[in-house]
Amino acid sequence: MSLFDYKVSDLHELFTKKELKVSDLVDESYKRIGQVEDKVQAFLTLDEERARLSAKALDEKINSEAAKGLLFGMPIGLKDNLVTKGLRTTCASKILENFDPIYDATVVQKLQQAETVTIGKLNMDEFAMGSSNENSHYQTTCNPWNLETVPGGSSGGSAAAVAAGEVLFSLGSDTGGSIRQPASFCGVVGLKPTYGRVSRFGLVAFASSLDQIGPITRTVEDNAYLLQAISGLDPMDSTSANVDVPNFASGLTGDVKGLKIAVPKEYLGEGVSESVKQSVLNALKVLEGLGATWEEVSLPHSKYALAAYYLLSSSEASANLARFDGVRYGYRSKDAETLIDLYKNSRAEGFGDEVKRRIMLGTFALSSGYYDAYYKKAQQVRTLIKQDFENIFAKYDVIVGPTTPTPAFKIGENIEDPLTMYINDILTIPLNLAGLPGISVPCGFDGGLPLGLQIIGKYFDETTIYRTAHAFEQATDFHKEKPEL
Amino acid sequence: MSRISKDQVKHVANLARLAITEEETDMFTKQLDAIITFAEQLNELDTENVEPTYHVLDMKNVLREDKSKPGLSREEVLKNAPLHQDGQIKVPSIMGKED
């Protein structure tokens with residue numbers, strides 16, 4: 001048994017009883033990494049020396065008041081688009097190969113206050129653009145359940161490392177499904193918070209109106225604790241929301257009696273595999289057995305979400321990624337006689353194909369003569385998508401459906417055709433457009449690969465999402481299964 | 001009918017400050033055309049009187065106190081600069097050949 005089979009609250013209790021030290025947990029992490037990392041390839045950078053020093057320092061105060069925080073001493077992995085002072089941050093791009101940040105992201109500062117231990121930085125699709133981790137410049141992470149399949153993306157490293165037992169938990173980021181989809185593929189719990197719940201300061205921006213940082217964990221309970229630690233208003237991010245941060249763990253009651261669930265027929269329609277549909281219907285039976293009720297509803301504009309998303313996210317990306325110019329930081333082309341060639345060649349040599357494709361699409365959609373037809377039109381469709389959700393949430397507490405249309409696909413299977421790859425995100429994207437929170441929890445298997453149940457909540461109502469997810473988790477055994485590596 | 005021409009792709013690449021090869025021009029022409037064709041399904045929807053959602057939360061003009069604070073040190077600013085000299089970032093000739 002691994003120490004990471006315990007929940008945060010159990011490990012914390014073992015600290016209190018002096019039966020466990022922080023060094024034991026950090027040892028467990030690096031030992032496991034030594035055993036399985038050549039197969040999984042989840043990490044881009046390890047921070048072993050600092051982590052061991054930090055563990056030693058924490059162990060010296062483990063019995064003091066300072067160690068009362070629940071996350072004290074817990075080993076965490078961070079997606080490599082969260083800037084970490086003095087620890088290389090690449091966004092899995094060649095253009096940031098040697099980037100050594102001079103500050104910490106707000107979430108990283110909050111984790112330091114909570115005294116977690118950073119184990120290393122995790123692989124992703126370059127600049128978070130992708131659904132398989134195949135767009136990483138450095139390596140393709142493998143799904144711990146089947147090394148020939150993808151872990152999902154873009155937070156593939158974050159999900160795979162947790163599933164493989166290399167870290168207790170991790171942070172990812174979600175722009176169109178990048179936390180929930182890999183969590184689903186890797187059989188772990190991943191939450192995208194409400195837009196504005198978590199500060200984006202120090203998250204290398206992909207699409208600023210859609211990006212959110214969120215926790216990936218083994219259990220719903222741990223997820224609630226990790227979200228608690230990173231949430232809140234931040235003066236450094238003017239889009240972080242000035243709302244109260246409730247005690248998310250208060251939702252972990254196991255009680256869903258009277259909960260009203262909406263199940264959009266569009267989420268169980270064309271393109272969704274039979275095994276996925278069946279697992280969701282089974283999950284609904286479980287929730288019904290616990291006293292919840294469900295009804296089929298319609299989100300009529302769902303089918304337009306994918307197109308709107310690619311126009312909007314690429315437009316925002318084209319603006320955000322303009323900062324990578326080979327001048328102040330990042331890769332610089334050796335081959336440039338003028339400043340404009342320096343920009344063009346540094347970007348051409350530093351970015352991968354998918355990133356270039358999206359910069360091109362975004363630049364096109366924002367260019368003179370096309371702005372109204374594409375960018376503005378997509379923002380109007382976004383309003384319709386948001387209204388669909390608001391209509392449903394006037395009558396229901398949560399929306400339930402699958403996280404992904406299929407289980408994890410084979411490495412190399414979809415890489416040639418961008419549009420086929422984009423379809424993976426069809427069930428997760430609408431939330432990002434609306435800014436709503438959603439979780440993926442394990443709900444079944446197909447051919448040995450995990451399936452995920454997506455639970456969507458009202459704005460800033462992560463507590464009800466956790467309540468539903470936790471009740472389902474406690475009533476089922478899917479989360480207890482572990483991959484053999 | 002092709003919605004995107006090679007010339008458009010070259011124009012957009014220039015706007016995006018991306019050097020692209022002939023081969024990439026062909027690839028992006030084909031792929032952007034497919035994506036834009038896909039995106040045009042949005043035209044099925046009548047959005048005549050629909051307000052665009054630029055931001056999902058109802059917040060406007062988030063202001064902070066206008067107070068000065070120390071900026072980054074020169075050492076920090078130059079830490080990641082690929083080329084610098086005498087405390088300044090060095091770039092090639094700005095007034096070079098026109099493109």
Side-chain angles (χ1 to χ4, degrees), chain A residues 98-100 102 195-196 209 235 238-239 241-242 301 303-304 306-308 310-311 318 322 325-332 336-345 347-348 351 353 356-357 359-364 367 374 376-384 386 418-419 433-435 459, chain B residues 4 8-9 11-21 24 27-28 31-32 34-45 47-57 59 61-65 72-73 75-83 89-99:
Chain A
N98 300 308
F99 182 58
D100 185 9
I102 54 175
Y195 184 84
S209 81
S238 60
T239 63
N242 190 5
H301 298 98
K303 68 179 266 208
Y304 300 102
L306 193 62
Y310 275 94
L311 290 171
S318 74
D325 56 9
V327 174
R328 292 153 300 151
Y329 42 75
Y331 175 83
R332 169 185 275 212
E337 284 177 18
T338 65
L339 184 61
I340 196 122
D341 283 344
L342 178 74
Y343 297 153
K344 287 185 175 179
N345 295 345
R347 290 162 65 76
F351 289 136
D353 279 350
K356 288 183 194 173
R357 191 155 38 240
I359 290 174
M360 294 284 289
L361 175 63
T363 307
F364 173 74
S367 66
Y374 295 112
K376 190 177 169 198
K377 180 83 184 182
Q379 297 285 33
Q380 288 171 312
V381 172
R382 185 180 193 179
T383 303
L384 298 175
K386 191 167 177 261
L419 274 175
L433 290 173
Y459 290 104
Chain B
I4 307 278
Q8 266 177 309
V9 165
H11 170 66
V12 168
N14 180 49
L15 291 176
R17 298 293 184 252
L18 275 174
I20 56 171
T21 61
E24 284 174 316
M27 177 182 81
F28 285 134
Q31 290 175 339
L32 287 186
I35 297 169
I36 289 294
T37 303
F38 173 73
E40 292 203 343
Q41 62 169 292
L42 297 185
N43 293 335
E44 292 167 17
L45 294 170
T47 50
E48 177 94 33
N49 296 311
V50 179
E51 282 295 313
T53 297
Y54 294 110
H55 200 277
V56 290
L57 301 180
M59 51 168 77
N61 299 338
V62 178
L63 301 175
R64 62 166 169 76
E65 212 182 332
L72 298 168
S73 69
E75 192 191 325
E76 285 174 305
V77 170
L78 295 177
K79 188 175 179 190
N80 283 286
L83 198 60
I89 292 170
K90 196 174 175 185
V91 293
S93 136
I94 294 171
M95 307 290 282
K97 68 175 192 333
E98 287 295 307
D99 65 324

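All chains are named by letter (A, B, ...) in the order of the sequence lines, taking the proteins before the strands, and each is independently numbered beginning at 1. What you see is a predicted model; the values in this text were computed from it and never measured.
- Your options are A:R357, A:E337, A:K386, and the one with the most heavy-atom pairs under 4.5 Å with chain B is A:R357.
- Contacts between A:L433 and chain B at a heavy-atom distance below 4.5 Å involve the backbone alone (N, CA, C, O).
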Check your understanding: What do the steps show when you test A:N242 against B:M59 for side-chain contact (heavy atoms from CB on, under 4.5 Å), and what is the final call?
Key -> CA-CA 10 Å; A:N242 190 5; B:M59 51 168 77; over 6 Å; no

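- In this structure, chain B has heavy atoms under 4.5 Å from both the backbone and the side chain of A:I102.
- The part of A:A434 that comes within reach of chain B is its backbone (N, CA, C, O), which places non-hydrogen atoms under 4.5 angstrom from that chain.
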Practice item. Start with the C-alpha gap between A:T239 and B:L57, add the side-chain angles, then the distance that decides, and say whether side-chain contact (heavy atoms from CB on, under 4.5 Å) holds. Key: CA-CA 8 Å; A:T239 63; B:L57 301 180; over 6 Å; no

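- Both the backbone and the side chain of B:F38 come within less than 4.5 Å of a heavy atom of chain A.
- Nearest approach of B:Y54 to A:S209, heavy atoms of both residues: O-CB, 4.0 Å.
- A:S318 does not touch chain B: none of its heavy atoms, backbone or side chain, sits under 4.5 Å away.
- Counting only heavy atoms from C-beta outward, the side chains of B:E24 and A:K356 approach each other to under 4.5 Å.
- Annotation: B:E44, atom CD; neighbour count of heavy atoms from other residues, nucleotides and ligands within 6.0 Å is above 12.
- For A:A322, no part lies near chain B; criterion is any non-hydrogen pair under 4.5 Å.
- If you tally non-hydrogen atom pairs under 4.5 Å between each of B:T47, B:V62, B:L15 and chain A, the highest count goes to B:T47.
- Proximity of a side-chain donor or acceptor of A:T338 to a complementary backbone N or O of A:D341 within less than 3.5 Å is detected.
- When the candidates A:M360, A:H301, A:K303 are compared by the number of heavy-atom contacts under 4.5 Å with chain B, A:M360 comes out ahead.
- In terms of non-hydrogen atom pairs under 4.5 Å with chain A, the most contact-rich of B:L78, B:L42, B:L83, B:V9 is B:L42.
- With salt bridges taken as basic N to acidic carboxylate O contacts below 4.0 Å, none links B:E40 and A:K377.
- Contact count versus chain A (heavy atoms, under 4.5 Å) is highest, among B:L63, B:N43, B:I20, B:T21, for B:N43.
- Proximity to chain A (any heavy atom under 4.5 Å) is shown, for B:L18, by both the backbone and the side chain.
- Proximity of A:Y304 to A:L384: side-chain heavy atoms (C-beta onward) are nowhere separated by under 4.5 Å.
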Practice item. Would you please test B:S73 and B:E76 for side-chain hydrogen bond (donor to acceptor under 3.5 Å, both in side chains) and show each step? Key: CA-CA 5 Å; B:S73 69; B:E76 285 174 305; 3.2 Å; yes

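- With a threshold of 4.5 angstrom between heavy atoms, A:N98 approaches chain B through N, CA, C or O but not through any side-chain atom.
- When the candidates A:D100, A:T363, A:N345 are compared by the number of heavy-atom contacts under 4.5 Å with chain B, A:D100 comes out ahead.
- Using a 4.5 Å cut-off between heavy atoms, A:L361 touches chain B through backbone and side chain atoms alike.
- Side-chain contact between A:V327 and A:Y343 is present, with heavy atoms from C-beta onward closer than 4.5 Å.
- With respect to chain B, the highest number of heavy-atom pairs below 4.5 Å among A:A336, A:A308, A:A378, A:S238 belongs to A:S238.
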